[in-house]
Participant: 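Encoded as structure tokens, here's the structure I'll be asking about.
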Amino acid sequence: MPTMIRARSLCRRFGDATAVAGFDVAIERGEIFGLVGPDGAGKTTIMRMLAGVLLPSEGEAQVAGCDVVREPERVKERIAYMSQRFGLYPDLSVTENIRFYADLYGVPRADMHSRIEELLAFTGLA
């Protein structure tokens with residue numbers, strides 16, 4: 001069976017705070033795996049790194065045969081990730097929310113308009 005998710009020495013720091021230190025896992029195709037722990041244990045940070053949304057500070061990980069650091073967009077094409085919390089701000093318009101997240105995820109300003117138009121067309125919200 002191929003390994004679908006593998007992480008070795010995965011770490012993530014936010015300034016002086018270490019959210020994840022030395023996470024290792026190998027999950028095979030068809031295996032069910034859960035991350036369990038108290039608030040602040042690093043579960044969401046691990047999921048965001050494995051989803052290609054947040055880069056690790058150290059270590060390496062592959063998901064569905066894709067490297068989460070070198071190929072985060074390929075990872076995103078192969079998985080579905082739903083955050084636990086609803087992430088839109090009700091006081092912002094749809095376009096303002098999209099711009100906010102585009103800034104947060106480092107979408108270059110030169111590409112932002114075309115990427116927003118593509119997203120709105122793809123979702124039928126244009």
Participant: Kindly write out the residues that satisfy side chain to side chain contact (heavy atoms under 4.5 Å, CB included) with Val63, not counting sequence neighbours, or none if the list is empty.
Facilitator: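 Residues passing side chain to side chain contact (heavy atoms under 4.5 Å, CB included) with Val63: Ile5, Leu50, Val68, Val75, Ile79.
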Participant: So, taking the atom named CZ in Arg48 and the one named CD1 in Ile46, what distance separates them when rounded to the nearest 0.5 Å?
Facilitator: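 The distance works out to 13.0 Å.
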Participant: Report yes if some heavy atom in the side chain of Leu54 is under 4.5 Å from a heavy atom in the side chain of Thr45; otherwise report no.
Facilitator: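 The answer is yes, as the side chains (C-beta and beyond) meet within the 4.5 Å cut-off.
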Participant: In chain order, what residues pass the side chain to side chain contact (heavy atoms under 4.5 Å, CB included) check against Pro72, with sequence neighbours excluded?
Facilitator: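 Residues passing side chain to side chain contact (heavy atoms under 4.5 Å, CB included) with Pro72: none at all.
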Participant: Do Arg99's NZ or CZ and the ring of Tyr101 fall within the cation-pi criteria of under 6.0 Å and 45°?
Facilitator: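 Judged by the rule (NZ or CZ under 6.0 Å from the ring centre, within 45° of its axis), Arg99 is not positioned above Tyr101.
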Participant: Once side chain to side chain donor-acceptor pair (under 3.5 Å) is applied, what residue pairs with a partner in residues 52-73 remain, sequence neighbours excluded?
Facilitator: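 Of all non-adjacent pairs touching residues 52-73, those that pass side chain to side chain donor-acceptor pair (under 3.5 Å) are Arg8-Glu60, Arg13-Glu58, Glu71-Arg74, Glu73-Lys76.
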Participant: Treat each ILVMFWY residue as a node, draw an edge where side-chain heavy atoms are under 4.5 Å apart, and state whether Val107 and Val53 are in one component.
Facilitator: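 The answer is no; the residues belong to distinct hydrophobic clusters.
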Participant: Check whether any side-chain heavy atom of Pro56 lies under 4.5 Å from a side-chain heavy atom of Leu10, and answer yes or no.
Facilitator: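 They are in contact (side-chain heavy atoms under 4.5 Å apart), so the answer is yes.
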Participant: Give every donor-acceptor pair under 3.5 Å between a side-chain atom in residues 116-126 and any protein atom, sequence neighbours left out.
Facilitator:
residue	atom	partner	partner atom	Å
Thr123	OG1	Leu119	O	3.0
Thr123	OG1	Leu120	O	3.3

Participant: When you compare the side chain of Glu28 with that of Pro2, does any pair of heavy atoms fall below 4.5 Å?
Facilitator: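 Of all side-chain heavy-atom pairs linking Glu28 with Pro2, none is under 4.5 Å.
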Participant: So how far is it from Phe100 CZ to Thr95 OG1, rounded to the nearest 0.5 Å?
Facilitator: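 Result: 15.0 Å between the selected atoms.
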Participant: Would you indicate whether Arg115, at its atom CZ, is surrounded by more than 12 heavy atoms from other residues, nucleotides or ligands within a distance under 6.0 Å?
Facilitator: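 No.
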Participant: What is the minimum heavy-atom distance between Met49 and Cys11, and which atoms define it?
Facilitator: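 Looking at all heavy atoms of both residues, the closest pair is SD-O, 3.9 Å.
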Participant: Among all residues two or more places apart in sequence or in another chain, which pass the side chain to side chain contact (heavy atoms under 4.5 Å, CB included) test with Ala21?
Facilitator: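 For Ala21 the side chain to side chain contact (heavy atoms under 4.5 Å, CB included) partners, ignoring immediate neighbours, are Thr18.
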Participant: Do the non-hydrogen side-chain atoms of Met47 and Leu35 ever get within less than 4.5 Å of each other?
Facilitator: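 A side-chain contact exists here, since the closest heavy-atom pair is under 4.5 Å.
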Participant: List the residues meeting side-chain hydrogen bond (donor to acceptor under 3.5 Å, both in side chains) with Glu96, not counting sequence neighbours, and say none if there are none.
Facilitator: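 With neighbours one apart ignored, the set is Ser93.
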Participant: To the nearest 0.5 Å, what is the distance between CD1 on Ile98 and CE on Met112?
Facilitator: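 Going from the CD1 atom of Ile98 to the CE atom of Met112 covers 11.0 Å.
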